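Remember, it's a predicted structure, so these values are computed and weren't measured experimentally.
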Amino acid sequence: MNDDEPVFKKSKWGSNRYVYNPNNPIGLALIIASSVFAIVMLLLMENRAGPFAPAPTPTWSPPPSEDLWPYPSPTP
């Protein structure tokens, strides 16, 4: 590998597009890291885990009493 290789190089598919250069050690590390990141994110989405987990269902609790005063006692 040549240390003079740039991290990014022009793509053959477009005029203003750059891609990681696998001939540079940093470019190769970026290719591997971004591939691992994408695979992990896809697995988390598939299993609905991590940030893709559904919100927990709320447990029901009775509403608070809206009575301002207690009911009067039937006995004096």
Side-chain angles (χ1 to χ4, degrees):
M1 283 189 224
N2 189 356
D3 290 338
D4 295 336
E5 286 283 335
V7 176
F8 300 100
K9 66 178 183 177
K10 279 195 174 245
S11 172
K12 297 175 184 171
W13 292 91
S15 60
N16 293 329
R17 187 173 163 189
Y18 287 86
V19 295
Y20 296 137
N21 185 359
N23 295 329
N24 184 308
I26 295 174
L28 183 61
L30 288 171
I31 291 171
I32 292 169
S34 58
S35 298
V36 168
F37 178 78
I39 290 169
V40 168
M41 285 295 128
L42 287 172
L43 289 173
L44 288 173
M45 282 189 247
E46 177 70 25
N47 295 323
R48 297 183 57 93
F52 306 104
T57 56
T59 57
W60 184 84
S61 61
S65 176
E66 295 180 9
D67 296 332
L68 297 176
W69 303 101
Y71 293 115
S73 173
T75 59

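- Separating the CE atom in Met41 from the CZ atom in Phe52 is a distance of 5.5 Å, to the nearest 0.5 Å.
- Residues Val19 and Val7 do not share a hydrophobic cluster, clusters being chains of Ile/Leu/Val/Met/Phe/Trp/Tyr side chains in contact below 4.5 Å.
- Nearest heavy atoms, Tyr20 versus Ser34: CE1-OG, 3.9 Å.
- One hydrophobic cluster, built from ILVMFWY side chains closer than 4.5 Å, cannot hold both Ile26 and Ile32; they sit in different ones.
- A single hydrophobic cluster is not seen to contain both Ile39 and Leu28; linkage of ILVMFWY side chains at heavy-atom distances under 4.5 Å, directly or through other members, places them apart.
- Note that CZ of Phe37 and CG of Leu30 are 13.5 Å apart. Values are rounded to the nearest 0.5 Å.
- No side-chain donor-acceptor contact under 3.5 Å links Asn21 to the backbone of Lys9.
- The line from CG of Asn24 to CG of Asp4 is 10.0 Å long, rounded to the nearest 0.5 Å.
- Within 6.0 Å of CG in Leu44 there are more than 12 heavy atoms belonging to other residues, nucleotides or ligands.
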